[in-house]
Amino acid sequence: MAKLELLPAVDVRDGQAVRLVHGESGTETSYGSPLDAALAWQRSGAEWLHLVDLDAAFGTGDNRALVREVTEVMDIKVELSGGIRDDDTLAAALATGCTRVNLGTAALETPEWVAKVIAEHGDRIAVGLDVRGTTLRGRGWTRDGGDLYETLARLDSEGCARYVVTDIAKDGTLQGPNLELLKNVCAATDKPVVASGGVSSLDDLRAIAELVPQGVEGAIVGKALYAKAFTLEEALEEVSR
Ligand SMILES: O=C(O)c1ccccc1NCC(=O)[C@H](O)[C@H](O)COP(=O)(O)O
């Protein structure tokens, strides 16, 4: 069986590594230097880093220079997310040397532009499907943006390479992933799915890994690592069995 990829998360707000609850601004717990966190995950054996500029996502500024610095220092693959919505922000993100970017709001608000950049950049573009129920949310998860499955069908028809699927109700809560949502999305697309939000234990990772044959390729892990629910080494060992 193909192994589940793990993407430890570094979410950046105001220059700090943070975790939010339900992605809500104002719920930050701070975990210090984003570069130190990223380097720690790399030293622990991560092959990927999921790096989010929350200020860019919320429209409260950006951490672009810091995100670029972190990405440039990493020897591992980096997925960049947060506020990538037009030619300028996409060019800046891709120029960091990241492996791929994750588009969210743009897929809801400027579908023609997203179709164009999918055609231009292929596998370097993933789309984040951030949902409450089956309603997508954009602008830092603050605004409704349409139906999950209609949007997924449209993006599939445009050749989107991969989806990062987050149940906002689970994100940052340590309440476990929404396995039903992951199964439903996998049933609706042939493209790989990266699971995000809610992982709390090695059991959760085992449960996500069981969905690899259905199309889940990876799992993003944030809060659980910062809260020391398990170590990244333990998680990597778990998904390599
Ligand atoms: O990714 C975004 O653009 C974003 C926007 C607004 C709020 C949060 C956002 N991302 C959060 C993440 O990607 C988390 O790192 C990830 O879901 C990990 O969640 P958890 O394991 O539950 O801490």
Side-chain angles (χ1 to χ4, degrees), residues 4-14 16-31 34 37-38 41 46 48-64 67 70 78-85 89-90 93 98 100-109 125-132 136-145 162-179 181-182 193-202 204-205 207-208 218-230 232 235:
L4 182 74
E5 292 176 346
L6 287 188
L7 298 84
V10 176
D11 293 23
V12 185
R13 185 104 209 241
D14 204 14
Q16 295 291 298
V18 300
R19 282 307 296 120
L20 309 178
V21 180
H22 302 148
E24 279 170 23
S25 185
T27 63
E28 289 87 350
T29 305
S30 186
Y31 295 98
W41 304 146
W48 277 98
L49 174 70
H50 173 75
L51 182 56
V52 185
D53 186 342
L54 287 173
D55 286 300
F58 289 127
T60 52
D62 68 73
N63 300 276
R64 208 187 274 187
V67 162
V70 173
V78 178
E79 173 178 271
L80 277 189
S81 190
I84 304 167
R85 295 175 190 163
T89 48
L90 178 63
C98 68
R100 66 176 180 242
V101 300
N102 188 30
L103 307 179
T105 302
L108 312 178
E109 296 185 358
I125 307 283
V127 169
L129 300 171
D130 308 315
V131 291
R132 281 199 177 272
L136 291 158
R137 302 278 284 175
R139 300 262 155 197
W141 302 355
T142 60
R143 283 194 217 159
D144 283 351
R162 170 176 286 98
Y163 302 101
V164 178
V165 176
T166 306
D167 180 352
I168 295 169
K170 298 281 194 172
D171 200 78
T173 65
L174 295 175
Q175 286 178 358
N178 185 337
L179 299 171
L181 172 68
L182 295 170
V193 165
V194 177
S196 190
V199 169
S200 68
S201 65
L202 295 177
D204 287 343
L205 290 177
I208 296 175
I220 293 168
V221 188
K223 185 74 172 271
L225 292 173
Y226 293 97
K228 302 193 191 319
F230 50 79
L232 183 56

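Along the sequence shown, residues are numbered consecutively beginning with 1. Both counts, for ligands and for their atoms, begin at 1 and track the order of listing.
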To check your reading of the model: name the closest protein heavy atom to [atom], its residue, and the distance in Å.
| atom | result |
| --- | --- |
| atom 17 (O) of ligand 1 | Asp171 OD1, 2.3 Å |
| atom 3 (O) of ligand 1 | Ser81 OG, 3.4 Å |
| atom 11 (C) of ligand 1 | Asp11 OD2, 3.2 Å |
| atom 21 (O) of ligand 1 | Gly222 N, 2.9 Å |
| atom 10 (N) of ligand 1 | Trp141 CZ2, 3.5 Å |

Numbering as shown, the atoms of ligand 1 that approach [X] to under 4.0 Å (heavy-atom distance):
| X | value |
| --- | --- |
| Ala57 | 5 (C) |
| Lys223 | 20 (P), 21 (O), 23 (O) |
| Leu54 | 6 (C), 7 (C), 8 (C), 9 (C) |
| Ile220 | 16 (C), 18 (C) |

Closer than 4.0 angstrom: is that true for some heavy atom of [X] and an atom of ligand 1?
| X | value |
| --- | --- |
| Gly197 | yes |
| Gly172 | yes |
| Gly198 | yes |

Are the side chain of [X] and the backbone of [Y] linked by a donor-acceptor contact shorter than 3.5 Å?
| X | Y | result |
| --- | --- | --- |
| His22 | Ala169 | yes |
| Thr27 | Val21 | yes |
| Tyr226 | Ala9 | yes |
| Arg85 | Leu103 | no |
| Asp53 | Asn63 | yes |

Practice prompt. Could you pull out, from Gly128, Ala9, Ser196, the option with a heavy atom nearest to atom 16 (C) of ligand 1?
Written response: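 Heavy atom nearest to atom 16 (C) of ligand 1 belongs to Ser196.
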Practice prompt. Run down the list His50, Lys170, Arg19 and name the one with the heavy atom closest to atom 18 (C) of ligand 1.
Written response: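 Checking each option, the heavy atom nearest atom 18 (C) of ligand 1 is found in Arg19.
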Discussion item. Contact between Arg64 and Thr89 at the side-chain level, heavy atoms closer than 4.5 Å - yes or no?
Written reply: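 In short, these two side chains touch, coming nearer than 4.5 Å.
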Worksheet entry | Residue from Ile168, Val164, Asp167 passing side chain to side chain contact (heavy atoms under 4.5 Å, CB included) with Ser196 |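 Of the listed residues Ile168, Val164, Asp167, the side chain to side chain contact (heavy atoms under 4.5 Å, CB included) partner of Ser196 is Val164.
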Worksheet entry | Gap between atom CZ of Arg19 and atom OG1 of Thr29 - 0.5 Å precision | 9.0 Å
Item to complete: List in chain and number order the residues that pass side-chain contact (heavy atoms from CB on, under 4.5 Å) with Asp144, two or more places apart in sequence or in another chain; answer none if no residue qualifies.
Response: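 Partners of Asp144 under the side-chain contact (heavy atoms from CB on, under 4.5 Å) test: Thr135, Arg137.
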